[in-house]
Protein chains: 2
Amino acid sequence: MSIDAAIERMRDRVTAEPARAKVVYRVDGALTGPCRVDLVAGKHTIIVDESPALGGDHAGASPPQHALVALASCQAITYRFWAAYLGIALDSVTVAVEGDLDVNGFFGFDDTVRPGFTAVRIHVTPSGPETPERYRELADAADAHCPVLDMLANPVPVERTLGVG
Amino acid sequence: MSIDAAIERMRDRVTAEPARAKVVYRVDGALTGPCRVDLVAGKHTIIVDESPALGGDHAGASPPQHALVALASCQAITYRFWAAYLGIALDSVTVAVEGDLDVNGFFGFDDTVRPGFTAVRIHVTPSGPETPERYRELADAADAHCPVLDMLANPVPVERTLGVG
């Protein structure tokens with residue numbers, strides 16, 4: 001299905017049955033090595049691991065790397081959808097993302113340091129036949145509608161339950 | 001390297017040379033299909049895609065799924081490290097995470113709806129020979145030090161630059 005058709009189909013679906021706009025994503029995982037985690041996300045199996053310096057075997061990218069994979073890919077896909085939506089021709093998109101992390105937080109060596117990223121930088125390069133102004137318009141629309149950018153930049157309510165006892 | 005050794009080595013390293021606590025993660029990606037993004041994270045190549053209903057080919061898990069992969073795996077690994085740190089025996093950890101998303105946000109059908117997760121639920125099941133109280137202690141320590149949990153629950157400063165013009 002084309003992106004235009006996917007957008008129109010989604011609009012028809014959500015208009016006809018508003019409850020279908022609410023989606024629940026689910027991922028299940030288990031530790032299968034010192035730092036290796038095998039996860040299932042829908043029909044996909046994903047392996048996460050740490051580097052040997054952290055006791056892992058490098059069997060997969062690490063959790064912070066996966067957070068940046070989520071962000072970079074979400075940016076690229078959001079540019080695709082919003083280009084279609086806004087009628088902006090888009091030949092390619094590349095995305096480079098960086099996240100700064102201070103390991104004093106994770107290890108608890110200094111509890112004044114947050115364990116997560118202290119800063120994230122995104123550099124996006126859209127290309128195609130349009131003017132720079134049109135791509136700036138696209139970037140602003142993408143930033144306002146990118147799910148993973150939103151969930152990093154703004155707080156998400158998280159509830160944790162424990163299966164013991 | 002064992003987890004205990006990795007912790008002690010990291011402590012020695014950060015004590016000797018505090019600047020080494022600051023790590024920069026980087027991921028690069030490019031759109032290679034309607035919704036497919038090929039990414040490089042260190043030595044790992046990861047493919048992200050959407051389902052056919054969104055114009056993709058299901059070549060990989062989607063960006064919101066990768067955000068949950070990052071969260072679930074980070075929880076499991078943080079339990080591993082903090083169990084070692086606190087001297088709590090830990091035989092296994094399984095993690096199930098769910099994220100609620102309202103597609104009205106991403107598609108801009110309703111700009112009062114945020115594009116990211118509106119809520120996230122984490123269910124962790126650690127097991128081993130310790131008392132439930134010890135695993136509750138572990139869970140509290142893990143929640144306080146889990147990098148990806150922190151970056152979802154609390155805002156991260158994000159800067160975006162654009163490569164046009």
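Just so it is clear, the model here is predicted, and its values are computed rather than measured. To find a chain, count down the sequence lines: A is the first, B the second, and so on, and within it residues start at 1.
Ion pairing between A:Asp100 and B:Lys22 fails under the 4.0 Å rule for side-chain N and carboxylate O. In summary, A:Arg160 and B:Asp140 engage in a salt bridge, as defined by a charged side-chain N under 4.0 Å from a carboxylate O. Salt-bridge annotation for A:Arg26 and B:Glu98: present, with a side-chain N of the basic residue lying under 4.0 Å from a carboxylate O of the acidic one.
B:His44 places a side-chain N or O within 3.5 Å of a backbone atom of A:Gly60 that can act as its donor or acceptor partner. Under the 3.5 Å distance criterion, the side-chain polar atoms of B:Arg9 are left unmatched by any main-chain donor or acceptor of A:Leu54. Panel note: side chain A:Trp82, backbone B:Phe106; a donor-acceptor pair is recorded below 3.5 Å.
Counting heavy atoms from C-beta outward, A:Ile122 and B:Glu159 have side chains that stay 4.5 Å or more apart.
Your options are B:His58, B:Arg121, B:Arg36, and the one with the most heavy-atom pairs under 4.5 Å with chain A is B:His58. With chain B as partner, the option from A:Val37, A:Thr125, A:Val148, A:Val120 having the largest number of non-hydrogen pairs under 4.5 angstrom is A:Val120. When the candidates A:Ala41, A:Ala6, A:Ser62, A:Ala30 are compared by the number of heavy-atom contacts under 4.5 Å with chain B, A:Ala41 comes out ahead. Of the listed residues A:Asp49, A:Ile77, A:Val48, A:Leu101, the one with more heavy-atom pairs under 4.5 angstrom with chain B than any other is A:Leu101.
Relative orientation of the B:Phe109 and A:Tyr85 rings is tilted, given thresholds of 30° and 60° on the angle between their planes.
Residues A:Leu162 and B:Tyr135 come closest through the heavy atom pair CD2-O, 3.7 Å.
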